[in-house]
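Numbered from 1 within each chain, the chains take letters A, B, ... in sequence-line order.
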Amino acid sequence: MPVSRYDKKYLLERLGFSIADRELVRNMESMGLSVEETNEKEMAVEFPANRPDLIGTVGMARALRHFMRRTRKFDYRLKAPGSTDVINVGRHAAGVRPFIAALIAREMRLSEVQLRDIINMTEKLSDTFGRHRSKIALGLHDLRNAKAPFFYDAYEDEYYVPLGRSKQMKYSEVVAMEEKGVQYGRLAGGHGRYVALKDTLGTMSLIPVLNSDRTRVSASTQEMLVDITGTSREVVGKVADLLAADFSDMGFEVGQVSVRYGRKDEVTPAMQSSTIEMQLEQVQREIGVKIGFNNAILLSNKMGYMASLVGKRIRFKSPAYRLDIINDQDIVEDIAVAYGYDYIQLADIVSSQQGELEQATKRHEQLGAALVGLGFDEEMGSYLTNPETNFAAMRIREGGAITIQNPKSSSATMLRTWLLPSLLKDAGASMHDRMPIKLFELDMAFALEGGRPVEEQHLAAIACYPQANFNYIKAVLEGISKKTGIGTDVRACKHSSFIEGRCAEISVGGKPIGTMGEVHPEVLSNFGIEEATLALELNLSPLERKEAKPRER
Amino acid sequence: MHKHELSVLLSLKEARKLSFGELLERSGLSADEARWALSNLSEAKLVETESVKADSASLTDEGKRYAKEGLPEELLAERIARKPVALRELSGKEEQIGIIWAKKKGLAVIDNGLLTATQEGLKTRAFGTAAGRLLAELARDADAFGRAKGGEAAKELLERGLIEASGKEETRSISITQKGMLELAKERQAESYIDSLDRNAIRGRLWAGKKFRPYNVEAGIEAEVPASRHVLRNLINEMKQAYTSMGFREISGPVIEPAFWVFDHLFVPQDHPARDAQDTFFLSAPESIKLEDRDLVKAVKEEHERAWHSQWSQEAAEKAVLRTHTTSVTGRYIRDAVEAFREGRLSLGQPIKVFTIGRVFRNENLDYKHLADFYQADGIVIGRGMTLSNLFSVLARIYSSLGVRVKFKPSYFPFVEPGVEVQIKHGGDWLELGGAGIIRREITGVDRKSISVLAWGLGVERIALIRHEGIRSIVSLYNNSAGALRESGA
């Protein structure tokens, strides 16, 4: 989950009341946040990925004020757009980054801390929730040197002075040469066109890459345009709502902007909260506690909802700045959180269903016990391996493996097709330990057959000690076959991992299920083993039935 | 005289002086047998052994700590790998050490007051430094110093005071003493002592009138360690018992899945960070797995597009992955149960409870503290009117029977609402064990009044760490040398 850092002093200032550190942390934890670090200067808090409204200090303070019942502010009123507060959307944007929303904050008096917080918040939002600006990106512009109306489109290459530069650069140069250009340029367009926001004086921003220097914001900015662009009309609109709430909470006047798609006008931020009606019974049924009408309403208030009774139902108006509320289930959760998970009484589930282990587990238990009885220690290895270990070191031809497209480590590039390599590797690491080294593993191996993945349960065992002899591993096979009732047949075979003439194929009912023998000395050297070693591997899957369909009784 | 002692003396009689290896060859004894015999013989001054110091090294306290956590410059390289860090933020003592060595090794450069990773530094993330690797190796095997001592890495570790070279006695040459020769002669004449009592001796009463050679019954000896199941397997089996004794049935499912069952079916949006190549193993063979159930695919597509406001791609859902959680297994079961319920084959007169424990995968750099595959336990209860308080109750019961205390915190996972983070107590701390909640109806496709599903997916190895103080890290759970297995099994 993402982590946000808050300036402690500013957070307390936004809260508007004094509170002990411990109390603050306790409230945050109750809200489902996890305080990673807190000191004099700042707090680092892990918050749920679906709550971008908590990224900024203003939003965090708002949520805390609601939760601690210090505010009853649920509604936000915005100023309707003036005649020039218009963004005209051109037709070329549609193929790249179709949607834009915007708001204008006026009568601003920003402190340095406030400005830093706004910038941090918008960057973090673009980065996390905005999926590194691909889904959502935000831009801040000082309107002092701008002239409305505004234009949004994908334009042909042209010049502007990018933020922090003193001379003009082409869009194409910014994308190719500036740090942000290299990072985000691929989102700006293609085929010679670039998405940009302009006013009547020229480019305000190459989106979502770099703003213009002309409209750079500072603590002295009094009038600010915030643009939100992205790939979804709904999400762009909701993020505009969130920002409108933040700016409005900071005490600034927030004005709407008219976005003109062809002949269709859309006013943003719409600041529209959704209304969801629910029966109290549903809240009780899902949480499992008796909550009255009044209490349910009160608890929802703590999470920022406005709620009222409508006959036998409660009508919840969800806050416009919350992006995570899809339907009633989300409100139930919010009420449960406000109620406090720690206060929910435990209630047993009544069921007479009998527990049962899978067939395979039972078989594994039997086999495992038999092998431990024979003095074999169990190992548990990684399912991941590489062709060198799985094939080359075993002197067998590569092929038939499930392979990984994006491995981070060259030692884990495929799924193992058998278990013996990891047992031999462990034996090689055990040369200082007392002989005999006897190990087994009971777990999965994988193969690709006809383009389809095959998942099998295997048993493998090795015994390594001076003068080890084929007869012992055969005796082990006979022993476990007897003990577990698997009737096995043994026939001489050739296998390049084993010494010729000391290797056998094991089959059940005429079907080959495995191999055993004395391991080839070259294989032993490959794994750093210096004593004769016997090995056995069986595929148990043909012996097992599986039943996982839902059933009663 | 024991027969092994006799073999040693006989071998030495002709050659007078042998190396340990030669002795083994001549006597036909195993190394253990020969060592035992030699220690008795030299105590009795029948042989003389000459010892030579062998190379080994031991870790200092600081060295041990670094072997566990990584060298300061490696930690630093990790920290600055994504983003440069301002020097003033790096004022701790260890950080200072880290800066010095990172610069010296060319892992980082200082640029404008920012410590920035070099290409070499980025590589360090995956492989560690040479000195770091050697330190870790020495922590496991002090004798590795013999091979490494001439190298730069070894020099560095010595210079930094992270290791101390030390010697261990090793027998190099063995010779028989005058007293040994005499004793041997005596021994060969008088066969009046009985060494081991064999079948013949018992049947024929050959022992009558003879003495048994006395042994040194007080001599130290290496323990005979019983073989055992793996620590982690024992824990998993105990967990399975805990679940079945609570009436849960065990299920299992594929490790290799189309992304659909791991993510889409569980309402995880297609642009969710968990689906990045950074976190999930995507497969190249098979590259994709076709989705057969068209109705289900259509339903999932619609739910996604409605809730996440973005295009849903079937191609992305068909990409083959290694499951990142076993919730894919319980998810498939939920799907089957809903179908059975709709067709009237399932009444849900009482809740159905199932669980699965299996391997899951994260695309991690493998090192001394990171694994790419580990275990997860998933459980579900499918019934009518299942509540959050039922969920807390069932989890508290299962885990208390494993001797672990759990508590619950609000959290977010796309497939449950309410969402819960399950934490377990470890000493004075609460550690995250996994997630839980009530499955969203977007997944079942049925109103929660008719079917509600409690679900959780929790870690396994962490419980092993809490219960066994000797196990320091998850990685060490998977250290399977015979020595390590014997120690942990004992």
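- Of the listed residues Lys240(B), Lys353(B), Arg440(B), the one with more heavy-atom pairs under 4.5 angstrom with chain A than any other is Arg440(B).
- Only the side chain of Met1(A) comes within contact range of chain B, with heavy atoms under 4.5 Å apart.
- Using modelled atom types and a 3.5 Å distance limit, the side chains of Ser232(A) and Ser310(B) yield no donor-acceptor pair.
- When all heavy atoms of Leu384(A) and Phe281(B) are compared, the closest pair comes out as CD1-CE1, 3.9 Å.
- Only the backbone of Ala401(A) comes within less than 4.5 Å of a heavy atom of chain B; no side-chain atom from C-beta onward does.
- We find the OG-CZ distance between Ser382(A) and Arg359(B) to be 6.5 Å, quoted to the nearest 0.5 Å.
- A donor-acceptor pair shorter than 3.5 Å cannot be found between the side chains of Glu286(A) and Ser452(B).
- In terms of non-hydrogen atom pairs under 4.5 Å with chain A, the most contact-rich of Ile382(B), Val255(B), Val354(B), Thr356(B) is Val255(B).
- Counting only heavy atoms from C-beta outward, the side chains of Ser393(B) and Ile349(A) never approach each other to under 4.5 Å.
- Proximity to chain B (any heavy atom under 4.5 Å) is restricted, for Ala336(A), to the side chain, taken from C-beta onward.
- Highest contact tally toward chain A, considering only Ile438(B), Leu322(B), Ile289(B), is held by Leu322(B) [criterion: heavy-atom pairs under 4.5 Å].
- A donor and an acceptor atom, one from each side chain of Gln345(A) and Ser389(B), are nowhere located under 3.5 Å apart.
- Contact between Asp348(A) and Asn390(B) at its shortest, heavy atoms only, is O-ND2, 3.7 Å.
- Contacts between Val329(B) and chain A at a heavy-atom distance below 4.5 Å are absent for every atom of the residue.
- Between Glu365(A) and Arg233(B), none of the side-chain N atoms (NZ, or NE/NH1/NH2) sits under 4.0 Å from a carboxylate O, so this pair counts as no salt bridge.
- Under 4.0 Å is where a charged nitrogen must lie from a carboxylate oxygen, and between Lys135(A) and Asp271(B) at least one such pair does.
- Atom CG of residue Asn406(A) and atom CG of residue Asn363(B) lie 5.0 Å apart, to the nearest 0.5 angstrom.
- Contacts of Ile334(B) with chain A are absent, with no heavy-atom separation under 4.5 Å from either backbone or side chain.
- Residues from residues 272-279 of chain B that place a non-hydrogen atom less than 4.5 Å from a non-hydrogen atom of chain A comprise His272(B), Pro273(B), Ala277(B), Gln278(B), given in numerical order.
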